[in-house]
2 protein chains.
Amino acid sequence: MILAMEISHDVVRSPAMQRGNYNKRCAIISAATAVFVRDGYVGASIDAIAEEANVSRQTIYNQIGDKEKLFVEVVRGINEHGSARLVAVLATFPDEPENIGRELVEFAIRLTRDCLCDDNSRALRKLIENEGSRYPELFETWKDYGPGKNWPAISSRFARLARAGDIDLDDPDLAARQFMALIRADLPNEPGQLVNDTELEQAARNGVRTFLRAYGKRDAALAL
Amino acid sequence: MILAMEISHDVVRSPAMQRGNYNKRCAIISAATAVFVRDGYVGASIDAIAEEANVSRQTIYNQIGDKEKLFVEVVRGINEHGSARLVAVLATFPDEPENIGRELVEFAIRLTRDCLCDDNSRALRKLIENEGSRYPELFETWKDYGPGKNWPAISSRFARLARAGDIDLDDPDLAARQFMALIRADLPNEPGQLVNDTELEQAARNGVRTFLRAYGKRDAALAL
DNA sequence: TGACTTTTGGACACTCTTGTCCAATTCGTC
DNA sequence: GACGAATTGGACAAGAGTGTCCAAAAGTCA
């Protein structure tokens with residue numbers, strides 16, 4: 001995380017941005033993200049990225065450097081955006097719920113839509129899985145951003161619910177992992193497929209119902 | 001499935017096999033599997049495959065044809081082996097369990113080890129995810145082999161357990177998906193990482209415990 | 001041994017990619 | 001408008017990959 005923040009500062013203060021060509025840089029990274037995700041590291045060509053960004057190939061080399069630097073930039077971009085979104089969604093976790101079932105379902109919907117199903121998150125998972133062996137340091141950065149930073153946040157939320165007596169669990173970490181798994185379990189997982197709102201809500205409801213059957217007090221699951 | 005069986009017959013009766021150079025063909029496909037999995041479709045070079053198979057590059061072109069035919073062959077190979085293993089494991093699903101908790105845990109361990117964690121299965125998922133968009137017919141074949149054929153088999157097993165009164169569920173398909181998800185939830189999922197037996201058993205136990213808390217009769221989950 | 005098939009390795013043409021160089025052009029700012 | 005910086009497009013060398021061709025070597029079977 002310290003590393004990431006340093007790099008982040010580097011970017012903010014880079015001469016490129018100060019001189020007003022920030023738009024081009026953004027266009028390049030955005031296009032590169034799309035192409036890397038579509039074709040993978042080896043399959044993505046600088047020419048394709050340049051075309052996608054409506055930019056000359058030379059500009060890419062001027063602005064960012066070689067292909068590897070471009071890739072690192074792309075992964076960091078997705079990481080930062082994804083992490084920010086997850087933090088935002090986590091903030092909506094029910095603190096003192098009136099109807100724990102309904103509130104967990106709505107939380108699950110937000111989590112699924114904003115952090116699991118959205119294109120960039122899927123893209124990142126794919127890139128990490130594919131290129132992780134080639135660039136181990138990418139995998140490390142991702143672990144720090146994603147699971148390393150965010151899982152504890154999720155499970156501490158569950159722990160708080162348990163202390164407040166809303167649910168009944170002994171291992172918050174395990175419960176958090178299982179909650180996420182149950183949420184995902186009922187989603188159509190074909191690559192590149194859109195999930196409509198009805199399916200999304202149904203999947204969230206199914207997952208939360210089973211979660212509350214296992215961990216909920218009294219008849220918390222019945223209302224779903 | 002019909003398509004798959006036809007192709008399968010085709011292979012069995014191919015002149016290549018009859019003439020006794022079956023070993024070379026196997027070596028090629030086996031090596032190609034390793035290389036495709038390691039480097040992806042674009043990243044895998046015919047030369048690398050030839051070297052891995054201890055075979056001249058020309059022999060690959062003689063035996064199989066171009067790169068795309070080789071890839072199709074590899075995917076079918078993994079599909080067939082993986083499907084066969086899954087059928088074998090499914091046959092061990094508890095029919096009239098004495099101790100449903102323990103028997104489900106053991107089933108989950110077999111399922112995880114033989115069908116989810118093993119190298120080829122992970123490899124196939126990765127290949128499908130990466131190249132599925134480029135070769136949609138691969139994805140179709142996979143759906144027929146995997147989820148299409150096997151999910152119903154799993155859920156019908158759960159339905160039978162429910163009819164026998166061992167568990168209490170209304171939607172066997174949903175239960176099957178959630179069972180699989182819970183089994184997976186607690187596995188370390190870093191790419192390429194081995195899972196030792198202790199972790200495997202613990203993960204299975206955790207998953208089954210939550211599953212039985214949600215769907216089990218009486219105190220079925222307590223014994224775990 | 002001899003006929004036939006397969007395998008091998010090298011050479012080849014072709015395409016694609018990366019990264020660099022450079023002159024002409026455009027852009028931003030004063 | 002004028003100056004400096006950024007951008008563009010084209011050309012280039014170097015490397016890697018695919019797929020083909022072919023003659024020599026090795027293997028197979030009667």
Side-chain angles (χ1 to χ4, degrees), chain A residues 11-75 127 130-131 134-135, chain B residues 11 13-75 127 130-131 134-135 138:
Chain A
V11 168
V12 169
R13 289 178 189 160
S14 82
M17 188 178 174
Q18 295 174 343
R19 284 179 209 155
N21 45 17
Y22 191 59
N23 290 339
K24 291 256 149 120
R25 195 192 165 88
C26 283
I28 291 169
I29 293 180
S30 158
T33 303
V35 177
F36 275 133
V37 164
R38 167 162 40 89
D39 301 334
Y41 183 79
V42 188
S45 83
I46 303 283
D47 290 287
I49 295 171
E51 195 184 359
E52 179 97 7
N54 282 318
V55 145
S56 117
R57 184 181 53 210
Q58 188 57 37
T59 302
I60 295 182
Y61 285 104
N62 288 342
Q63 286 279 345
I64 282 133
D66 61 10
K67 194 179 181 180
E68 194 165 327
K69 290 204 188 81
L70 184 53
F71 184 64
V72 170
E73 216 65 29
V74 163
V75 171
L127 281 181
N130 290 334
E131 319 296 345
R134 224 183 310 267
Y135 301 93
Chain B
V11 168
R13 290 177 188 160
S14 82
M17 187 175 174
Q18 295 174 344
R19 284 178 208 156
N21 45 15
Y22 190 59
N23 290 339
K24 290 255 148 121
R25 193 190 168 89
C26 282
I28 291 169
I29 292 179
S30 158
T33 303
V35 177
F36 275 131
V37 165
R38 168 163 37 90
D39 299 335
Y41 182 79
V42 187
S45 83
I46 302 285
D47 291 286
I49 295 171
E51 196 184 359
E52 179 96 9
N54 282 318
V55 146
S56 115
R57 184 181 52 210
Q58 188 58 36
T59 303
I60 296 182
Y61 286 102
N62 288 344
Q63 287 279 345
I64 283 136
D66 60 11
K67 194 178 180 180
E68 194 165 328
K69 290 204 187 82
L70 183 52
F71 185 63
V72 169
E73 215 64 28
V74 163
V75 171
L127 282 181
N130 290 332
E131 318 296 346
R134 222 183 312 267
Y135 302 93
L138 283 185

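In what follows, chains are A, B, ... by sequence order, proteins preceding strands, each numbered from 1.
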What pair of heavy atoms forms the shortest contact from B/R25 to B/Q63, and how long is it?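 That would be NH1-O, 3.5 Å.
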Closest contact, heavy atoms only, B/I60 versus B/V55: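 Between these two residues, the closest heavy atoms are CG1-CG1, 4.2 Å.
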Given D/dT8, is OP1 or OP2 found less than 4.0 Å from the side-chain N or O atoms of A/K24?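 Answer yes for this pair, as a side-chain N or O of A/K24 is under 4.0 Å from OP1 or OP2.
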Is there a side-chain polar atom (N or O) of A/T59 under 4.0 Å from OP1 or OP2 of D/dT8?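 Answer yes for this pair, as a side-chain N or O of A/T59 is under 4.0 Å from OP1 or OP2.
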Contact string for nucleotides 11-23 of chain C, one letter per nucleotide 5' to 3', B = base within protein heavy-atom range under 4.0 Å, S = sugar-phosphate only, - = neither, reads B-----SBBBB--
Quickly work out the [X] [atom1] to [N] [atom2] distance and round it to whole Å.
{"X": "B/Q63", "N": "D/dG19", "atom1": "CD", "atom2": "C1'", "answer": "17 Å"}
{"X": "A/I28", "N": "D/dA6", "atom1": "CD1", "atom2": "P", "answer": "13 Å"}
{"X": "A/N62", "N": "C/dT25", "atom1": "CG", "atom2": "P", "answer": "19 Å"}
{"X": "B/E51", "N": "C/dT8", "atom1": "CD", "atom2": "C1'", "answer": "15 Å"}
{"X": "B/I60", "N": "C/dG9", "atom1": "CD1", "atom2": "P", "answer": "12 Å"}

Check side chain to side chain donor-acceptor pair (under 3.5 Å) between B/Q58 and all other residues, then give those that pass, not counting sequence neighbours.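 B/N62.
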Taking side chain to side chain donor-acceptor pair (under 3.5 Å) as the test, write out the residues that go with A/D47, two or more places apart.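 With neighbours one apart ignored, the set is A/R57.
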Output the pairing pattern of DNA chain D as a dot-bracket string, 5' first, Watson-Crick or G-U wobble with both distances under 3.5 Å, | for cross-strand pairs, [ ] for crossing pairs. ||||||||||||||||||||||||||||||
What is the distance from atom CG of B/L70 to atom CD of B/E73, rounded to the nearest 0.5 Å?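 Separation between the atoms: 8.0 Å.
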Mind checking the OG1-CG spacing from B/T59 to B/N54? Nearest 0.5 Å is all I need.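 So the OG1 of B/T59 and the CG of B/N54 are separated by 11.5 Å.
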Could you give the side-chain donor-acceptor pairs of residues 29-43 of chain B under 3.5 Å, partners two or more places apart or in another chain?
from	atom 1	to	atom 2	distance (Å)
B/T33	OG1	B/I29	O	2.7
B/Y41	OH	B/Y135	OH	3.3

Enumerate the residue pairs fulfilling ring pair (Phe, Tyr, Trp, His ring centres under 6.0 Å) with a member in residues 44-68 of chain A, sequence neighbours excluded, ordered by first and then second residue.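 Residue pairs with at least one partner in residues 44-68 of chain A: there are none.
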